[in-house]
J.: 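To start, I am sharing the structure in question, which I have written as structure tokens.
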Number of protein chains: 2
Amino acid sequence: MGNAIFAPNLQDLQRYFLKLAYDGTNYSGWQIQPEVDTVQERIEKAIRIILPDVSGILGCGRTDAGVHASQFYAHFESELDLPDNLVYKMNRILPLDIAIQDVFSVDSDTHARFSATSRSYSYFIHFEKNPFRNAYSVFHHKQLDVEAMNKACDLLLGTHDFTSFSKGPMQTKTNLCDLTSANWEEIESGVVFRVSANRFLRNMVRAMVGTMLEVGEGKMAPEEVKAIVEEMDRSKAGKSAHPQGLFLDQVKYPQIDG
Amino acid sequence: MGNAIFAPNLQDLQRYFLKLAYDGTNYSGWQIQPEVDTVQERIEKAIRIILPDVSGILGCGRTDAGVHASQFYAHFESELDLPDNLVYKMNRILPLDIAIQDVFSVDSDTHARFSATSRSYSYFIHFEKNPFRNAYSVFHHKQLDVEAMNKACDLLLGTHDFTSFSKGPMQTKTNLCDLTSANWEEIESGVVFRVSANRFLRNMVRAMVGTMLEVGEGKMAPEEVKAIVEEMDRSKAGKSAHPQGLFLDQVKYPQIDG
């Protein structure tokens with residue numbers, strides 16, 4: 001009854017994008033689930049304090065528990081005028097590990113998930129035990145053959161069915177992904193894996209990292225990743241790497257700069 | 001009874017220094033206390049697995065709960081030969097947030113606490129909400145007058161009784177400390193306070209930071225810190241700043257390089 005005053009008049013609804021970042025350490029991932037703390041629920045609760053007619057927000061993807069996002073987009077609709085200081089107000093309500101960076105209006109057919117044409121992830125590994133890196137990088141005490149790992153990367157480029165690197169149950173019609181770039185780079189503290197694709201399946205980057213760590217340790221030949229893809233069987237790939245090294249760090253939309 | 005075989009023959013005891021670092025987030029400080037998790041207890045348990053005759057370790061200082069150390073020294077004695085790979089073995093036993101960096105023998109009169117002639121701390125503050133900085137820096141959303149804070153620093157230099165910036169009960173004969181340097185520096189993410197002294201009292205750096213934040217926000221004139229020192233009354237100074245921004249980052253011994 002009381003909510004009837006907020007019943008949306010569809011033609012008056014304006015769609016908005018939120019640009020944000022979060023440390024996933026203390027959350028059970030992006031997506032709302034019963035009885036656990038999620039980033040989506042935190043943001044929905046914060047925005048409704050300011051814009052009570054917002055029915056929900058929809059994210060550009062679904063990061064797993066413990067995975068971080070240094071760039072993330074979500075959309076929502078409201079028929080209310082946004083206050084000038086919406087970003088400031090939301091940040092004061094939200095905990096320190098979730099930061100809203102921007103809010104802007106978009107056309108009603110620009111969709112945080114389906115309009116995104118490219119996503120990029122980074123995965124950080126350090127080789128020397130360091131008490132101050134463990135929240136955002138994974139300690140690996142064995143040497144890695146980066147050249148072999150990059151050979152494996154090259155074999156994964158292009159459009160393939162990545163079922164072998166996904167975690168069921170399947171939530172999508174197809175498991176085809178177009179990997180546009182993938183490589184391991186040596187950095188001061190260790191190595192970083194950077195990968196971009198039009199889309200990623202659930203758990204896909206961590207399964208790729210876990211598999212390529214086996215390649216890097218010499219337990220698997222680089223060429224074997226090709227066979228793993230062709231098997232379309234998750235049990236063939238390596239185990240899922242720890243979440244804390246993983247960042248979603250770029251989501252691209254044709255409609256949006258930056 | 002069983003321990004009798006480890007009863008030390010004093011002339012055979014060799015003193016060793018451990019050089020280490022830790023993330024204090026998950027610990028109730030350095031010093032062993034009943035029923036809580038401390039860095040000292042973790043390290044003592046780890047070293048005794050390898051050198052069962054070690055009766056205890058003694059640290060260069062006592063960091064509070066949540067405070068980090070990027071450089072910390074502790075000493076212990078043993079009459080057993082150290083294994084070559086003691087550092088490696090201890091690191092495999094210890095959790096990821098405590099790292100042993102070196103072990104070396106010292107003269108029996110070199111003491112981790114009393115031989116240290118200088119300690120340096122850093123305190124980090126950032127001004128823009130950032131989900132990835134909160135473990136090692138404190139978010140401060142108000143602008144700070146760094147020039148005024150540095151004026152306050154200059155007034156604290158030299159030898160003073162720092163009772164006003166300490167947390168009781170007193171554990172030492174004197175509260176005199178010789179502050180050899182203290183300044184606030186603007187860095188990319190915000191500001192860092194760097195301070196060195198021959199010794200620090202319990203909670204002293206955080207009380208200094210809390211007081212200087214009041215100066216930076218214009219709530220207190222820089223000159224007032226001089227009066228606070230003279231009062232020798234903890235209630236006169238500002239409140240203690242949050243622990244997560246604080247690092248013990250250098251301890252100097254005349255006997256040791258680096």
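The structure presented is a predicted model; accordingly, all values stated were derived computationally and were not measured.
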J.: Find the one option among A/Leu94, A/Ile100, A/Leu96 whose heavy-atom pairs under 4.5 Å with chain B are most numerous.
T.: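 Highest number of heavy-atom pairs under 4.5 Å: A/Leu96.
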J.: If you count every heavy atom of other residues, nucleotides or ligands that lies below 6.0 Å from B/Glu128 atom CD, does the total exceed 12?
T.: no
J.: Please check if the side chain of B/Asp97 supplies one atom and the backbone of A/Pro131 the other of a donor-acceptor pair under 3.5 Å.
T.: no
J.: At a 4.5 Å cut-off on heavy atoms, which part of A/Asn134 comes close to chain B: side chain, backbone, both, or neither?
T.: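 Answer is side chain: those atoms of A/Asn134 sit under 4.5 Å from chain B.
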J.: Counting only heavy atoms from other residues, nucleotides and ligands, does the tally under 6.0 Å from NE2 of B/His75 exceed 12?
T.: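 Yes, the 6.0 Å shell around NE2 holds more than 12 heavy atoms from other groups.
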J.: Determine the option with the most heavy-atom pairs under 4.5 angstrom with chain B, choosing from A/Ala99, A/Ser70, A/Ala135, A/Pro95.
T.: A/Ala99
J.: Can you check whether B/Ile98's main-chain N or O pairs, donor with acceptor, with A/Lys129's side chain at less than 3.5 Å?
T.: yes
J.: When you look at CD of B/Gln33, are more than 12 heavy atoms from neighbouring residues, nucleotides or ligands closer to it than 6.0 Å?
T.: yes
J.: For A/His242, is the NE2 atom crowded, meaning more than 12 foreign heavy atoms sit under 6.0 Å from it?
T.: no
J.: Flag the pair A/Phe247 / B/Phe132 as yes when their ring centroid distance falls below 6.0 Å, and as no otherwise.
T.: yes
